Enquirer: 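I'd like to ask some things about the structure below.
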Protein chains: 2
Amino acid sequence: MATEQKDETVGTGTLGKTMAVLEAVALAERPMRFTDILAVSGQPRGTLHRQLTHLVQEGLLELRADHVYLPGLRLLKLASASWARNEFRAVAAPFLEALHAQTGETVHLGVLRGREIIYLDKVESRQAVRMNSQIGNASPVYCTGVGKAALSTLDDAALEVILSGIEFRRFTPQTLVDRAALLGELEAVRRSGVAFDREEHEPGIRCVAAPVCDAARSLVAGISVTGPAYRVEQEKLEAWVPLVRQAAGGIKNELDARLGPQR
Amino acid sequence: MATEQKDETVGTGTLGKTMAVLEAVALAERPMRFTDILAVSGQPRGTLHRQLTHLVQEGLLELRADHVYLPGLRLLKLASASWARNEFRAVAAPFLEALHAQTGETVHLGVLRGREIIYLDKVESRQAVRMNSQIGNASPVYCTGVGKAALSTLDDAALEVILSGIEFRRFTPQTLVDRAALLGELEAVRRSGVAFDREEHEPGIRCVAAPVCDAARSLVAGISVTGPAYRVEQEKLEAWVPLVRQAAGGIKNELDARLGPQR
DNA sequence: AACTCAGTTCCAAATAATGGAACTAAATGG
DNA sequence: CCATTTAGTTCCATTATTTGGAACTGAGTT
């Protein structure tokens with residue numbers, strides 16, 4: 001009977017509750033009807049109904065004729081503007097292009113948000129299949145190259161906050177599924193300045209990543225070069241290490257230069 | 001003294017007001033500080049401050065050290081999920097690819113939302129410069145090919161609602177800037193089944209578009225082939241008319257087929 | 001026709017938002 | 001260097017919105 005559900009979003013009054021509902025619907029794997037949402041939201045019927053009505057009126061959700069709630073187009077509009085005007089992305093873009101030109105493989109830019117990595121940009125050659133599939137995508141920190149790179153820059157206190165909330169999940173046989181293993185890995189990343197993803201998140205996918213952050217740690221991010229395991233052997237990843245480090249360094253310099261003056 | 005400001009978002013209680021603030025910040029051309037937002041929001045200082053604090057806590061906005069409010073990463077995360085799971089986009093994608101293969105130029109998929117066209121997808125070959133710049137972008141209905149195509153499918157009542165709220169703005173010498181001209185054009189679009197954009201939105205950019213909508217008019221959209229005027233003469237656009245019509249028809253059939261069964 | 005299940009509406013009580021004013025911190029300038 | 005303006009933040013009695021239980025509607029079953 002009790003739906004074990006502890007939303008981390010509280011303290012922002014009604015906005016937090018409404019956003020929790022929005023997120024539940026927007027991130028759901030399958031389309032959701034009223035009762036489905038009711039089950040996961042833990043709100044009373046009347047309340048939930050009003051919240052959904054408001055979200056639909058605002059264009060954040062859409063209510064299809066068959067009573068299925070879907071993410072609304074206003075989300076796209078808002079995100080598009082936010083992406084287009086993101087300074088960090090703009091600064092990093094030329095370095096990502098260069099890295100792609102040098103390696104020929106897909107290059108990602110991701111930033112740390114809470115316990116997730118959100119991908120801000122990517123550059124790849126063959127756009128044949130899906131276009132910007134990855135952008136905005138949220139992935140776990142502990143099993144992605146960018147994630148481990150980002151974590152390696154944090155101090156103990158900040159790291160502890162994140163680690164304490166992680167629920168490790170095994171995506172592949174290589175996924176690091178406990179704290180100790182991850183801490184060991186992070187130590188190695190700190191020493192070498194790069195993080196590898198050895199098919200830890202998706203089978204057949206490998207990457208090298210390097211951290212990028214600003215002096216104040218208000219921005220913690222990373223860049224990576226990713227490729228299919230059959231084409232990209234560990235040696236090749238190793239060979240790219242200097243390139244990735246160099247690109248990350250370039251971005252950091254550019255950031256410092258931009259942030260310096262306004263201080 | 002009086003800030004002439006009539007937000008269309010009312011009736012959703014506090015959510016509407018908060019979203020108006022969010023949108024003001026997210027869609028602003030330049031970064032905004034507290035006072036800038038205060039000026040456009042028309043809210044009392046204390047109220048606005050709390051709203052902004054909540055938005056920041058929710059990750060919808062970010063507050064940089066220099067007191068500038070920026071769009072938050074949670075917007076990207078939400079939008080990415082919404083985009084990835086959009087059925088209409090998925091249905092249309094193969095037709096867009098085909099149209100691109102046939103024409104060699106950029107193909108767009110846009111849907112009508114209120115008085116704007118929101119671009120849902122695009123296919124283009126040379127991704128050299130910027131990746132998904134267009135996706136999620138909101139453009140006026142009255143001066144884009146997709147916009148005029150979409151409008152042409154509406155009945156008088158629905159059209160009236162939209163037209164009555166349009167504030168015509170001249171983007172180029174060719175922009176249609178009055179109701180009569182637009183109505184005339186729409187009549188032509190209805191007869192021919194395609195809409196042209198003759199450098200009406202951006203100088204040097206032309207397109208052919210065809211409408212796509214479902215039987216219930218709950219989805220009103222369009223697809224277009226766009227190219228630079230120097231490379232794409234009017235004749236070429238004319239030559240693409242059958243292709244665009246065919247692609248639009250294909251998408252519509254597929255939609256009907258998918259929607260039919262569940263009815 | 002009786003019954004269920006999904007979705008919607010209603011309204012007194014509980015709670016959160018409002019907005020004016022006072023307060024603090026950082027720029028400006030005399 | 002202190003006075004003055006401007007920008008950002010906090011406070012709290014009042015006001016408005018949200019809450020949530022219960023009753024209602026209506027489509028689909030048996």
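Throughout, protein chains are lettered first and strands after them, A, B, ... in sequence-line order, and every chain is numbered starting at 1. All figures in this text were calculated on a predicted structure; none of them were measured in a lab.
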Enquirer: Under a 4.0 Å threshold between the charged nitrogen and the carboxylate oxygen, would R74(B) count as salt-bridged to E62(B)?
Expert: no
Enquirer: Can you check whether L120(B)'s main-chain N or O pairs, donor with acceptor, with W83(B)'s side chain at less than 3.5 Å?
Expert: yes
Enquirer: Taking five pairs at each end, how big is the angle between the two axes of the helix from dA1(C)-dT30(D) to dG30(C)-dC1(D), to 10°?
Expert: 30°
Enquirer: Look at K17(B) and dT17(D) and indicate whether a side-chain polar atom (N or O) is within less than 4.0 Å of OP1 or OP2.
Expert: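 It does not, given that no N or O in the side chain of K17(B) lies less than 4.0 Å from OP1 or OP2 of dT17(D).
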Enquirer: Who are the side-chain contact (heavy atoms from CB on, under 4.5 Å) partners of D36(A), not counting sequence neighbours?
Expert: M32(A), R33(A)
Enquirer: Any side-chain N or O of Q43(A) under 4.0 Å from OP1/OP2 of dT18(D)?
Expert: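 For dT18(D), neither OP1 nor OP2 has a side-chain N or O of Q43(A) closer than 4.0 Å.
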Enquirer: Is there a side-chain contact between T14(A) and the phosphate of dT17(D), meaning an N or O under 4.0 Å from OP1 or OP2?
Expert: no
Enquirer: Per the ring pair (Phe, Tyr, Trp, His ring centres under 6.0 Å) rule, what does the pair list look like for residues 15-52 of chain A, sequence neighbours excluded?
Expert: F34(A)-H49(A)
Enquirer: For residues 158-171 of chain A, please give each side-chain donor-acceptor pair under 3.5 Å, one per line with the distance, not counting sequence neighbours.
Expert:
residue	atom	partner	partner atom	Å
E160(A)	OE1	R179(A)	NH2	2.4
E160(A)	OE2	R179(A)	NH2	3.3
S164(A)	OG	E160(A)	O	3.1
S164(A)	OG	V161(A)	O	2.9
R170(A)	NH1	T172(A)	O	3.3
R170(A)	NH1	P173(A)	O	3.0

Enquirer: In whole angstrom, give the distance that lies between atom CG of L38(A) and atom P of dT19(D).
Expert: 14 Å
Enquirer: Rounding to a whole Å, what distance do you find between L48(A):CG and dA6(C):P?
Expert: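 Atom-to-atom, L48(A) to dA6(C), this comes out as 14 Å.
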Enquirer: Name all residues meeting the salt bridge (charged side-chain N to carboxylate O under 4.0 Å, His left out) criterion together with E116(B); count only those two or more places apart in sequence or in a different chain, and write none if there are none.
Expert: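 So E116(B) forms a salt bridge (charged side-chain N to carboxylate O under 4.0 Å, His left out) with K77(A).
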Enquirer: More than 12 non-hydrogen atoms from neighbouring residues, nucleotides or ligands closer than 6.0 Å to CG on D155(A), yes or no?
Expert: yes
Enquirer: Write down the distance between CD (Q51(B)) and P (dT17(D)), rounded to a whole number of angstrom.
Expert: 13 Å
Enquirer: Taking CG from L55(B) and C1' from dA17(C), how many angstroms apart are they, rounded to a whole number?
Expert: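 Atom-to-atom, L55(B) to dA17(C), this comes out as 14 Å.
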Enquirer: Output one letter per nucleotide in nucleotides 7-12 of chain D: B when a protein non-hydrogen atom lies under 4.0 Å from the base, S when only the sugar-phosphate is that close, - when neither is.
Expert: SBBB--
Enquirer: Strictly distance-based, threshold 3.5 Å: is any side-chain N or O of K252(A) a donor or acceptor partner for the main-chain N or O of C213(A)?
Expert: yes
